[in-house]
Chemist: 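One structure, as structure tokens, below. Some questions next.
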There are 2 protein chains.
Amino acid sequence: MTLPTHERIKLHALKLFAQKGYFGTSLNDVATMVGIKKPSLYAHYKNKDDLYQSILKELMDLFSKRVSLSSIQLEQLSTKELLYLFTNKIVDFWKDDTLGLLYKRTVLFPEEKFRTTIQEQFLQTEAYTTDILYSILEKGQQQGDIPKQPFEPLIHAYYCLIDGLFVQRFLYSSSDYDVKVKHAFEHFWKATEIGVEK
Amino acid sequence: MTLPTHERIKLHALKLFAQKGYFGTSLNDVATMVGIKKPSLYAHYKNKDDLYQSILKELMDLFSKRVSLSSIQLEQLSTKELLYLFTNKIVDFWKDDTLGLLYKRTVLFPEEKFRTTIQEQFLQTEAYTTDILYSILEKGQQQGDIPKQPFEPLIHAYYCLIDGLFVQRFLYSSSDYDVKVKHAFEHFWKATEIGVEK
DNA sequence: CCTACCGATCGGTAGG
DNA sequence: CCTACCGATCGGTAGG
């Protein structure tokens, strides 16, 4: 309640856009949740699109921030531990009931009007995670945790793992999701480290 | 044009529901595409929900039909070939621009009103594919193509592969999707057959 | 299969 | 931040 009105609008709109999508969310709903009337929204945002865009921007920024690894983690953990930690940071973001849901909607069903913008933001975010992934894998090869192998197929397979866990978060949203994450990750890792003497 | 009207309605509605979703599709749109006026639809379907439900039913039935393996295939192919064929049958269904799109919408964003129905139909379809999967894996173990191992983690990992490919179909809808499928599948298979002497 | 119409709701504006 | 209102569109019905 101490937040400025335009922040409260953004917060409630975020929740509604996540739950009901762009067209499913009416400005009347938003205003009601904030405790004001619909026309008053226009004092803070130019229109519905303006409000929506500002929320998408925040979503992608938050994702990048939440999945990044600290340099301490990068130095002290083994390759497998690092990769598992990284995987879980991404998975944890999707576990967020609001952010995860909005992320799913946005990435899988971009509104026609914002398609280009969303695509750009997504590719930027993906490039960011790919960088982290590369640094983990390169360090792993140097330390002998994983054998020498072409990175491209490996990264395809990893993204497939990540995307699979993304879907399963929503398909099987249950207490044993963590078990599924572990199983799928262990299977991925088994193939990754093949050839290394233990 | 030779099709009965209620079939033509269903066909155009399927396309529209896939592209624009339940709320994004108006009965006016449907009627216009069929070449009649909106109120005439009610001579063939009770209402919008009735039309939508009958389409969902058809979608799930088609999926089951398309992914099933023939007994000839089951007998003559190796375990790896069988699993790859099965994977590609599923992937091919998603490649269908209309059916794949509607499947994605329905499974990932079930309309609140039909949530229970959709959930049931999905679980039924999943049980069907799990049966096929089991029969492939069991035969593979008997023939020594894959080592003895608990099936549960393996099936989790496989579904994660499948769900990952499901997302990637829509994220990277491009000419090199087939390459990504191959990479991800090979990585999965590498971990699956570990321990077998070749 | 049609015309004519219903109440409800949408995003957005005027004017204060 | 409000009241009052706009044109457009929604699913659905009456009556033929």
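Computed from a predicted model, the values in this text were never measured in an experiment. Chain identifiers are assigned alphabetically (A, B, ...) following the order of the sequence lines, protein sequences preceding nucleic acid strands; residue numbering begins at 1 within each chain. Keep in mind that the numbers below use all heavy atoms, side chains included, and drop hydrogens, waters and symmetry copies.
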Chemist: Would you kindly compare A:Asp29 and A:Pro39 by the position of their nearest DNA chain C nucleotide and give the one closer to the 5′ end?
Modeler: A:Asp29

Chemist: Quick one about B:Thr192 and B:Tyr158 (side-chain donor to acceptor, distance below 3.5 Å, no hydrogens or angles considered), yes or no?
Modeler: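 Checked: B:Tyr158/B:Thr192 side chains show no N/O donor-acceptor pair below 3.5 Å.
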
Chemist: Do the side chain of B:Arg8 and the main chain of B:Val34 share a donor and acceptor less than 3.5 angstrom apart?
Modeler: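 Present.
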
Chemist: So, B:Thr32 and B:His12: side-chain donor and acceptor under 3.5 Å apart, yes or no?
Modeler: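 No, no side-chain donor-acceptor pair sits under 3.5 Å.
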
Chemist: One thing to verify: whether B:Lys89 and B:Asp92 come together as a salt bridge, which I'm taking to mean a side-chain N less than 4.0 angstrom from a carboxylate O.
Modeler: no

Chemist: What dot-bracket string describes DNA chain D from 5' to 3', counting Watson-Crick and G-U wobble pairs whose defining distances are under 3.5 Å, with [ ] for crossing pairs and | for pairs to another strand?
Modeler: ||||||||||||||||

Chemist: So, is the end of the A:Lys48 side chain (NZ or CZ) under 6.0 Å from the ring centre of A:Tyr22 and within 45° of the ring's axis?
Modeler: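 Cation-pi check for A:Lys48 and A:Tyr22: passes.
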
Chemist: Quick one about B:Asp61 and B:Ser64 (side-chain donor to acceptor, distance below 3.5 Å, no hydrogens or angles considered), yes or no?
Modeler: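 Side-chain D/A pair, B:Ser64 to B:Asp61: absent.
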
Chemist: List the atom of A:Tyr159, the atom of A:Thr130, and the distance in Å for their closest heavy-atom pair.
Modeler: OH-OG1, 2.6 Å

Chemist: Where does the chain B footprint on DNA chain C start and end, counting 5' to 3' with a 4.0 Å heavy-atom cut-off?
Modeler: C:dC1 to C:dA4

Chemist: Determine the contact category for A:Phe23: base if any of its heavy atoms lies under 4.0 Å from a base atom, sugar-phosphate if only primed atoms, P, OP1 or OP2 are that close, otherwise nothing.
Modeler: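 Answer is nothing: A:Phe23 stays at 4.0 Å or more from every strand.
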
Chemist: Can you tell me if A:His44 and A:His6 form a side-chain donor-acceptor pair at under 3.5 Å?
Modeler: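 No pair is found: no donor N or O on one side chain lies under 3.5 Å from an acceptor on the other.
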
